[in-house]
Amino acid sequence: MKLKIAVLPGDGIGPEIVAQAVESVKAVCRKFGHEAHFEEALVGACAIDAVGSPYPDATHKLCMNSDAVLFGAIGSPKYDNNPNAKVRPEQGLLAMRKKLGLYANIRPVATFPSLLHKSPLRRDLVEGADFMCIRELTGGIYFGRPQGRSEDGETAYDTCVYSVGEIERIVRLAYNYALKRRRKLTVVDKANVLCTSRLWRQVAQNLEKEYPEVETEYMFVDNVAMQIIQWPKRFDVLVTENMFGDILTDEASVITGSLGMLPSASIGLHTSVFEPIHGSYPQAAGKNIANPLATILSAALMFEYAFDLKEEGLAIRRAVDAVLAEGTVTEDIAENGKAFSTSEVGKRVVEIILND
Ligand code: IPM
Ligand code: MG
């Protein structure tokens, strides 16, 4: 199969971790006889610095003309520390989501047996936890207008907007995942306070009738935030709006032991984007110490979701399990100070894929 992959390394540790993921993809292609073509483009702070826009047209064109996008991370302290910056790296990510119509962000949360001791939760609570957060990604308060400040600068406002159509497509997608898993769906909202949440609940209740095989429950987001920590094993598929999903997925990610392990897929109307859920970790940029595994696992998701190549995805997953088991890992998860570099971990993953 011919795979045309857009590579968007972005900022901070992005280039280092994406380089390792690309090596894994090449290894899988060699092993299974696929032909991958990679093309790089700018996004984020580096794109602002180079061409003045965080999501340049050339990058969008490349994404539209590719079969999948492999994305690193964006963000830079230069902009984080300057709330008045007119153009921000994050705007690039939001523009990419909107223009590619990436309305669903899928974040599987599964534990790795060899990392259980790294979880902030007790082993018995977290062992075997396996759920999936589905976050709406192109609506809600991230995109609602009006947004701004009053003329005197004394007030600021954001607007949360959802339409029936936007809610319906994401809840349907969540039901379809639930059908393939343990058939339980948690619809997360704040319907006791927010009007948009009441619309979510109404739309979900209407759809519920079409999926009698799935057990549907409705929970307020604050309660879910608590139960993810208290009883993570009770969840199968969660679906929620943009900002609740942003917060809950960061929370969910740490129960597995490291933020550096979780991949995500953003899918929608055009090309899908695969990226680690962590950020650009600027303090580690250029030091060859960041954990590349979340990005390598994002490449596994890319094979599975974008190309429907399950064996190829599995080959990457097996290699990741193997490096974890043998301890070829970066400092965030290393034991007794025995840490390997980003490129050493990536190289070992490649070796295992090729020799498997
Ligand atoms: C994420 C990030 C982004 C978001 C930021 C960088 C804009 O936190 O992908 O979860 O809030 O969506
Ligand atoms: Mg986030």
Side-chain angles (χ1 to χ4, degrees), residues 8-15 17-18 21 42-48 53-55 59 63 69-83 85-109 132-144 147 158-162 166 170 188 221 224-225 228 238-256 258-268 272-285 290 294-295 297-298 301-302:
L8 274 46
D11 304 320
I13 57 170
I17 51 175
V18 165
L42 293 169
V43 70
C46 62
I48 302 178
S53 157
Y55 185 57
T59 303
C63 292
V69 179
L70 196 56
F71 187 94
I74 58 149
S76 152
K78 187 168 131 190
Y79 296 93
D80 292 345
N81 300 329
N82 177 9
K86 286 266 174 322
V87 190
R88 312 188 62 78
E90 290 75 11
Q91 289 167 346
L93 188 57
L94 299 191
M96 182 177 79
R97 289 174 180 168
K98 199 70 175 177
K99 286 179 140 180
L100 292 176
L102 303 170
Y103 63 82
N105 179 234
I106 298 170
R107 295 183 170 183
V109 181
M132 178 176 260
C133 295
I134 298 185
R135 166 187 175 192
E136 201 291 328
L137 204 58
T138 51
I141 202 162
Y142 273 55
F143 293 94
Q147 177 191 61
D158 298 284
T159 309
C160 187
V161 187
Y162 269 111
E166 284 174 310
I170 188 94
V188 184
V221 61
V224 173
I228 278 182
L238 297 107
V239 65
T240 191
E241 62 106 76
N242 205 342
M243 190 159 81
F244 297 160
D246 178 46
I247 298 167
L248 289 179
T249 50
D250 261 30
E251 187 196 7
S253 70
V254 295
I255 70 172
T256 65
S258 171
L259 188 62
M261 292 302 302
L262 288 192
S264 86
S266 299
I267 62 176
S272 300
V273 176
F274 300 86
E275 59 176 307
I277 89 146
H278 58 68
S280 60
Y281 192 14
Q283 303 85 337
T295 320
L297 286 167
S298 301
L301 281 183
M302 177 178 80

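Residues: numbered from 1 along the sequence shown. Counting starts at 1 for both ligands and their atoms, in listed order.
With a 4.0 Å heavy-atom cut-off, ligand 1 is reached by no atom of Gln91. Of the heavy atoms in Arg135, only side-chain atoms (C-beta onward) come closer than 4.0 Å to ligand 1.
Distance check, rounded to the nearest 0.5 Å: OG1 of Thr138 to CG of Leu102 gives 8.0 Å. Atom CZ of Arg97 and atom CG of Asn242 lie 7.0 Å apart (nearest 0.5 Å). Here the straight-line distance linking atom OG1 of Thr295 with atom CZ of Phe71 works out to 11.0 Å at 0.5 Å rounding.
In this structure, atom 8 (O) of ligand 1 lies nearest to the protein heavy atom Asp246 OD1, 3.2 Å. Closest to atom 4 (C) of ligand 1, if we only count protein heavy atoms, is Tyr142 OH, 3.5 Å.
Assignment of Arg107 to the shell around ligand 1 is supported, since a heavy atom sits closer than 4.0 Å. Residue-ligand proximity: Arg97 is placed with a non-hydrogen atom under 4.0 Å from ligand 1.
Across every non-hydrogen atom of Ile17 and His278, the tightest pair is CD1-CE1, 3.4 Å. The minimum heavy-atom distance linking Cys133 with Ala252 is given by the pair SG-CB, 4.5 Å.
No other N/O/S atom of Asp246 lies as close to the Mg ion (ligand 2) as OD1 does.
Looking at ligand 1, you won't find any N or O of Glu90 less than 3.5 Å from one of its N or O atoms.
The closest donor-acceptor contact from the side chain of Ser266 to the backbone of Asn105 lies at 3.5 Å or more, if one exists at all.
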